[in-house]
Amino acid sequence: MINLFINGLPVSVEEGSTLLEAARFLGFPIPTLCHKDGLSPYGACRLCVVEIGEEPKAKLVSSCTYPAEEGLKVRTASSRVVRARRMVLELLLASCPQSKIIQDLASAHGIRQQRFKQEHEDCILCGLCVRMCQEQMMAKAIGFRSRGEKRSIGTPFDIKSEECRLCGGCMYVCPACQLRCTYTEPERPICGGCANLTPPCLEKRQFDDMMCFMDPCVACEIQKEG
Amino acid sequence: MASLNSIHHLKAFLGRLLGQRDLNTSTLVIPAGTCGRASGADLLIETARQEILDRGLSEKVLVRTTGCHGFCEMEPSVLVEPDRTFYPKADADSMVRIVDAVARGDVLEDLLFKSPETAQPIRSADDVPFFKGQNRTILSHNERVDPTSVETYIENGGYSAMVSVLEQGDPRWVVEEVKRSGLRGRGGAGFPTGLKWELLAKQPNGNGKFLVCNADEGDPGAYMDRSVLEGNPHSIIEGMLIGAFATGATEGIVYVRTEYPLAILNLKMALRQAYELGLLGDNILRTGLSFGISLVKGAGAFVCGEETAMIRSIEGKMGEPRQRPPFPVKRGIEGKPTLINNVETWANIPIIFRMGSEEYAKTGTNGNSGTKIFSLVGKVKNTGLVEVPMGITIKEIVYDIGGGPVGKVRIKAIQTGGPSGGCIPAERFDLPIDYDSLTQAGSMMGSGGMIVMDENTCMVDVARYFMNFLKDESCGKCFTCRKGTQRMFELLDDFSKGKGTLAQLDLLEELAQVVKDTTMCGLGQTAPNPVLSTLRYFRNEYLEHIEKARCPAGVCKELITYSINDKCVGCQACLKACAAGAITGEKKRQHVINPELCIKCGVCKSVCKVEAIDVA
Ligand SMILES: Cc1cc2nc3c(=O)[nH]c(=O)nc-3n(C[C@H](O)[C@H](O)[C@H](O)COP(=O)(O)O)c2cc1C
Ligand code: FES
């Protein structure tokens, strides 16, 4: 067993466990996006960062990939962690505004603005589909290509793969590809309406055709009744 | 070549070659690395050989082609041994004269290097200011060794370090020597090499261990490693052999980028020679040491210089870094313990064992021993490779060795550490060059790139340039690295077009911090450096771009206009040079630039002899 401290609390976990598993065992919430039980840890979205070690050598690592180490001191919600997480979410929103999962996460972290140029990229390259296809469906029909800006996911040469059985597993795990809440103005997609008890949009009269995961969201329902 | 089968044999072989060494016959040494060849060294070699043949001088004058000597600005050049007369920028005609002069034992004053201060000719290479300030422990071998001939390497003491290590016979002593030498990795991070070796030596030896030489050298403008590989490949082989003996490694790999064809060629030749001599292979010299080296070519992805990405690339997978721990020393190639060192680190190993660790540690400063090769480029007079003891100041490199600014324009900063390094302003040129000082100043040692910048360099543009490189070269796996570099580029691009706001400047700074914090590998963690260091020292330039939509250095195209002032003599030089046809004017009358047509390429300014082109 490995003994470590998470937010000051001692915890023992089996060797080979990740920090994420250890933190969840204690009940500390850590948001994740590219992590899914049953798929191998990947560490791409950086949302699950936690702070390890002590100043001046303290650093952020992705808890879903970092192995628990003897005596390690972990903080799951230090100000440095929260600041980083919020920026990650803001970047995610800027690239992929229509993902319900990202909207919810952003909302839960109190993000009400998005300062970058709005993109509508959809795919955030979290790699869940690639791992799903390879590790659960044993198909390896899709994979990553190229690097940097040009990185993308697809079948070899973009032609239909013989390995693909059209199981739909990739779409099932995708946090981005479903059509979800688009608000009324795509540039300002996040109202937090669905996560707040008192939705901010109540007073405004512009939510008639809002389409969100709750379909329609409470805010719109109340408005319609009125 | 017969295979050698004992240490005794090797010693006898080394002794014989050392005895045959002829130090007195005049030799024309012609550097023909990639840089030399690009500037015409091949023609010099051909001319020299032909001339010697034609005139029947083959007994009197020898020719040796070597790797780069470092003074690339003056190539193609000729060094005459034994008196070390240095002829810069030679051509076929001067080559003929040089052969003639050497045969007569004469020196051609008019072709010698001229002192920039006094304009007096300087005869010996050792008195040329560029070479004088250096400490060329590694690069001097590039003058003496013909990379295609193992004999010339041995004649200059090659493989004697390996002999002394094998004779000593204790791997632990070897590791201790490297530790005592204080050598730190030359690939960038400066990790103590001896410590790394000790970690590998401690790993269980069941399934084999790997040694890797990192010759991926992806920094734009840096070519130290290329020059060592091209000019002295056997030193790498010897270094790795010593490493194998010390750590129990069984397999060696040199990971070199495909863009280095000459390095690959010379290395292949050297490997073949080493195998033929029995210096590589099974049971080397019957000492029980078995070690082979193979070559893996990288496809030119910057990120493959990172250890874990390199390991994947060697395994034939996509070059993507992975989480450390486990460190490569525990789990590397095919899950086996793997040690990765940089080319220059390996090249230092034979030197340590030739001079002894104590002697080696005397060079440089405490905690930063030995010499380091830098590639000095940009707005300085003498560009090229310089090898200096650690701890000398930036000023000494830029002004004493580099010769200071090219024209009258003041030098304002130096960029060190490759694309993810940082810029250090001229006010801080007293900074000693070592791993820790550079990091504290917000830059880093990196693998040794040094780009000198003057008042005509725009720091926003510099940051934008490097960010463009990094956004393309990020592997793309970490979201914050891929998207973060793209967004930083986007913001910098806006600034360079005068479209930025102060709020965006804060956003850039905030983003840069988070990218540094949240990415997994060294690429992302250092990617914000160009932004953070320019913001730290040159915030004013950012503010000028944002608040006044002005580029003080006159670089950002969207913010500048070219015009012609009344110094114009109407020579029509600019008019003829302008590719956009934007300049009109009659002979001997002041010309004008049509701003609508001007593409702001700056050609007019570079051809104008009377400083009549204004940029504002
Ligand atoms: C993005 C990135 C690029 C790198 N490129 C190189 C390189 O081109 N050459 C090199 O020797 N080391 C490079 N490194 C450093 C290596 O990861 C590693 O630290 C080094 O090879 C270790 O050798 P050393 O201890 O001898 O310095 C790079 C690191 C990163 C993060
Ligand atoms: S959940 Fe850990 S990086 Fe994505």
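Just so it is clear, the values below take in all heavy atoms, side chains as well, and ignore hydrogens, waters and symmetry mates. Only a predicted model underlies this, so the values are computations on that prediction, with no experimental measurement involved.
- Under the 4.5 Å side-chain criterion, counting only non-hydrogen atoms from C-beta, A/Glu90 is not in contact with B/Arg487.
- When the shell of 6.0 Å around CG of B/Asn366 is examined, it contains 12 or fewer heavy atoms from other residues, nucleotides or ligands.
- By the neighbour-count criterion of 12 heavy atoms within 6.0 Å, atom CD of A/Glu70 is densely surrounded, having more than that number from other residues, nucleotides or ligands.
- One distance of note links CZ of A/Arg147 with CG of B/Asp472; it measures 8.0 Å at 0.5 Å rounding.
- Here the side chains of A/Met87 and B/Thr518 are not in contact, with every heavy-atom distance at 4.5 Å or above.
- Side-chain contact between B/Glu320 and A/Arg151 is present, with heavy atoms from C-beta onward closer than 4.5 Å.
- Here B/Phe479 contributes atom CZ and A/Leu92 contributes atom CG; the two are 4.0 Å apart, rounded to the nearest 0.5 Å.
- The OH atom of A/Tyr66 lies 10.0 Å from the CZ atom of B/Arg324; values are rounded to the nearest 0.5 Å.
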Derivation and outcome, side-chain contact (heavy atoms from CB on, under 4.5 Å), residues B/Met520 and A/Arg46: CA-CA 9 Å; B/Met520 185 182 68; A/Arg46 316 311 289 173; 3.5 Å; yes

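- Heavy atoms closer than 4.5 Å to chain B are found nowhere in A/Glu51, neither backbone nor side chain.
- For a residue to count as touching a neighbouring chain, one of its non-hydrogen atoms must lie under 4.5 Å from one of that chain's; by this rule A/Lys117 touches chain B with backbone and side chain alike.
- Screening B/Lys471, B/Arg482, B/Lys483 for a side-chain hydrogen bond (donor to acceptor under 3.5 Å, both in side chains) involving A/Glu149 leaves a single residue, B/Lys471.
- Looking only at side-chain heavy atoms (C-beta outward), B/Leu507 and A/Phe116 come within less than 4.5 Å of each other.
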